[in-house]
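Structure first, then comments.
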Amino acid sequence: MESRTVCGILRAMDKLIIEGGHALSGSLSVSGSKNTALPLMAAALLADGTSVLSRIPNLRDVKTFAHVLRISGAAVQFDAARNEMTVDASGVNYPEAPYELVKKMRASFYMLGALLGRCGHARVSLPGGCAWGPRPVDLHLKGMEALGADIRLDHGYVVAEAKGGRLNGGTFRMNPSSVGATINLLLASVTARGASRIEHAAREPDVVVFGEMLQKMGASIKGLGTDTIDIEGVHTLSPVNFHNAPDRIELGTFMIAAAIAGKPGQPVRITNAAPEHLGDAFVDAFTQTGAGYEPGDDYIDVTAPDKLLPVSIETGVYPGFPTDLQAQWTVLLAQASGNARVRDTVYFDRFKHIPELHRMGANAIVVQNEVFIAGGNHLQGATVMSTDLRAGVSLVLAGMVAEGETHVLRVYHLDRGYENLDGKLADAGIAIRRVQYDEFADPSIKEPIAG
Ligand code: EPZ
């Protein structure tokens, strides 16, 4: 039977069907970091030649950003099977990033710093909002002006100009500390005429590894990983071969999965990881739950405890508890033997997953930027909706421990940031499968779309 269509277009999407109650066992492998891969790709634009990036995860956001780079004139080849990307930036000659692509992925805003650093001018669409509210870029714009750029807004686009074709450099203090703004200012300042300083800079591993690539390209940077970064502008940068870091948020997600769905006493090994990228706040909270935590050089053995203890957390900039793990932590707390709370100080309204968890029986109340969770309630499988990347993965975690079947819809959110999540979980004992569904199907019409 041919697939159904809605007004002539098949509105088929993927969903994940998870049958709860199967134990996570064996091992899970961590892919390359999404939030490091994207700035590495932007950095490659700064050199007139071909850079080779390895351990680049096969994700929607990576493919979207590869297209943004191509628009500027770069030739980008991505071997998804080998997770290897080549970026030939010798042809960069169109310093623009269009709304149609920037609206899909906020990190495309890195083109502002990359094109200013390479070409001395740029026209980049403002990114707009996201699933959980405004995501301002005022720090990016004020920072570029501090480096000597002329910035003006033109019908939803930022038009940036370096007088004389090259930024002078300058000092900028951020408030609050911003990962994206730190990355953007590094992209713009490494080829400026003079010295630059970023104060209250982000210290996330994503920024440090990205800065190490710039250093390998010939940039002069001191203070990576601290809150004050000093840059001495250089005239040209060289293309490099560079190995991406593993994804610390995927690592944290898998640790939480093992703590709630592993067999007590039977460790789950999470491989190809960088335990040192987790930050003390997350590791401390994780070990306080009673879960077993045995780190090796590039792996972590996690053992589910007989009883998960409730541990309240508050997110913060690195090395604080990552905001990208607060939704996943909420699911752990729903399983814990007591009440606790999650407070997000980075984003104040990142709780779209809570109404979906309510449908599964979670007992959680959001008050401003906090959610209070009563532990120990058994979750029931239900059909739930992903609203963004990390909210979506928290629903998968909940489905793994719920009684019965859970259908997680709009899996395209998950595919933005988790490489082969369903395949990895299925290989580790979880009953999970990906099927197509028609987002607009009318249940009264019993006409299934082709499987
Ligand atoms: C990065 O976003 C990550 N994205 C986010 O991960 C992550 O949640 C966030 O850092 C915080 O760790 C990528 O790396 C691609 P910020 P970014 O600028 O750079 C405020 C995921 O799930 N702010 O550090 O956009 C902002 O409102 C994504 O992988 C300003 O006020 O985050 C927020 O409160 C989601 N003005 C705080 O700073 C600005 O100009 C931190 O935002 C910029 C930011």
Side-chain angles (χ1 to χ4, degrees), residues 31-42 57 59-62 64-65 68 102 104-113 124 126-146 151 158 172-187 198 200-210 227 244-245 247-253 277-279 281-282 315-328 343-350 352-353 369 386-394 413-419 421:
S31 297
S33 164
K34 165 178 86 84
N35 291 348
T36 312
L38 298 172
L40 298 185
M41 292 166 66
L59 301 172
R60 280 178 69 229
D61 277 7
V62 166
T64 299
F65 200 39
V68 176
V102 176
K104 284 169 82 172
M105 193 195 60
R106 172 186 169 81
S108 307
F109 205 58
Y110 293 154
M111 293 301 281
L112 181 66
V124 177
L126 280 165
C130 78
W132 64 86
R135 299 280 297 275
V137 290
D138 56 310
L139 296 173
H140 299 242
L141 303 182
K142 287 181 197 142
M144 295 301 172
E145 288 178 325
I151 298 282
V158 173
F172 183 64
R173 179 171 182 77
M174 270 179 212
N175 184 21
S177 166
S178 156
V179 170
T182 302
I183 289 168
N184 234 340
L185 295 181
L186 279 168
L187 284 162
I198 306 171
H200 202 201
R203 299 167 53 194
E204 275 72 358
D206 318 339
V207 177
V208 174
V209 174
F210 157 71
D227 62 6
N244 183 22
D247 196 303
R248 62 192 174 95
I249 303 304
E250 185 183 29
L251 171 58
T253 304
H277 285 178
L278 285 168
F282 177 79
T315 70
V317 296
Y318 192 87
F321 192 106
T323 172
D324 292 349
L325 285 171
Q326 61 100 331
Q328 301 90 314
R343 186 155 184 264
D344 200 329
T345 68
V346 177
Y347 297 110
F348 303 127
D349 50 5
R350 195 178 184 176
K352 294 280 186 307
H353 49 290
N369 63 322
S386 303
T387 50
D388 65 81
L389 168 59
R390 310 302 177 186
V393 83
S394 75
H413 287 293
L414 278 165
D415 293 337
R416 291 190 56 175
Y418 287 93
E419 185 180 54
L421 177 70

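Computed over heavy atoms, backbone and side chain alike; hydrogens, waters and symmetry mates excluded. Each residue takes its place number in the sequence, starting with 1. Note that ligands are numbered from 1 as they come in the structure, with each ligand's atoms numbered from 1 the same way.
Residues that satisfy the side chain to side chain donor-acceptor pair (under 3.5 Å) test with Ser31, not counting sequence neighbours, are Glu419, Lys424. Evaluation of the side chain to side chain donor-acceptor pair (under 3.5 Å) rule for Gln328 yields Thr253, Tyr418 as partners, not counting sequence neighbours.
Using a non-hydrogen distance threshold of 4.0 Å, Pro176 registers as a contact of ligand 1. A heavy-atom separation below 4.0 Å is found between Lys34 and ligand 1. In this structure, His413 has no heavy atom closer than 4.0 Å to ligand 1. Using a 4.0 Å cutoff on heavy atoms, Asp138 counts as a contact of ligand 1.
Just one of Leu186, Asn244, Leu38 meets the side chain to side chain contact (heavy atoms under 4.5 Å, CB included) condition when paired with Phe210; it is Leu186. With Leu112 as reference, Asn184 is the one residue of Leu187, Val102, Asn184, Leu185 to meet the side chain to side chain contact (heavy atoms under 4.5 Å, CB included) rule.
Taking every non-hydrogen atom of His140 and a distance limit under 4.0 Å, the qualifying atoms of ligand 1 come out as 40 (O). Remark: ligand 1 atoms within the under-4.0 Å shell around heavy atoms of Val179 are 10 (O), 16 (P), 18 (O), 19 (O), 24 (O). Below 4.0 Å from some heavy atom of Gly180 lie the following atoms of ligand 1, by number and element: 18 (O), 19 (O). Applying the 4.0 Å criterion to heavy atoms of Arg106 picks out, from ligand 1, the atoms 25 (O). Of all atoms in ligand 1, listed by their number and element, those nearer than 4.0 Å to a heavy atom of Arg350 are 8 (O), 22 (O), 35 (C). The Val346 neighbourhood of ligand 1 comprises atoms 33 (C), 34 (O), 41 (C), with distances under 4.0 Å to a heavy atom of that residue.
Looking at ligand 1, you won't find any N or O of Ala107 less than 3.5 Å from one of its N or O atoms. In terms of N/O distances under 3.5 Å, ligand 1 is approached by Arg390.
Here the OG1 atom belonging to Thr315 is positioned 3.5 Å from the CG atom belonging to Asp344, to the nearest 0.5 angstrom. For the atom pair CG of Leu59 and CG of Leu389, the computed distance is 9.0 Å after rounding to the nearest 0.5 Å. Here the straight-line distance linking atom CE of Met41 with atom OG of Ser108 works out to 9.0 Å at 0.5 Å rounding. Interatomic distance, CD1 of Ile249 versus CG of Asp324, reported as 4.5 Å (0.5 Å rounding). Separation of atoms NE2 (His353) and CG (Asp388) is listed at 8.5 Å; rounding is to 0.5 Å.
Of all the listed residues (Asp324, Asp388, Thr315), Asp324 holds the heavy atom that lies closest to atom 28 (C) of ligand 1. Closest heavy-atom approach to atom 18 (O) of ligand 1 within the set Ser178, Ala37, Ser33: this belongs to Ser178. Counting heavy atoms only, Asn35 comes closest to atom 13 (C) of ligand 1 of the residues Leu389, Val137, Asn35.
For the pair Gln326 (side chain) and Arg350 (backbone), a donor-acceptor distance under 3.5 Å is present.
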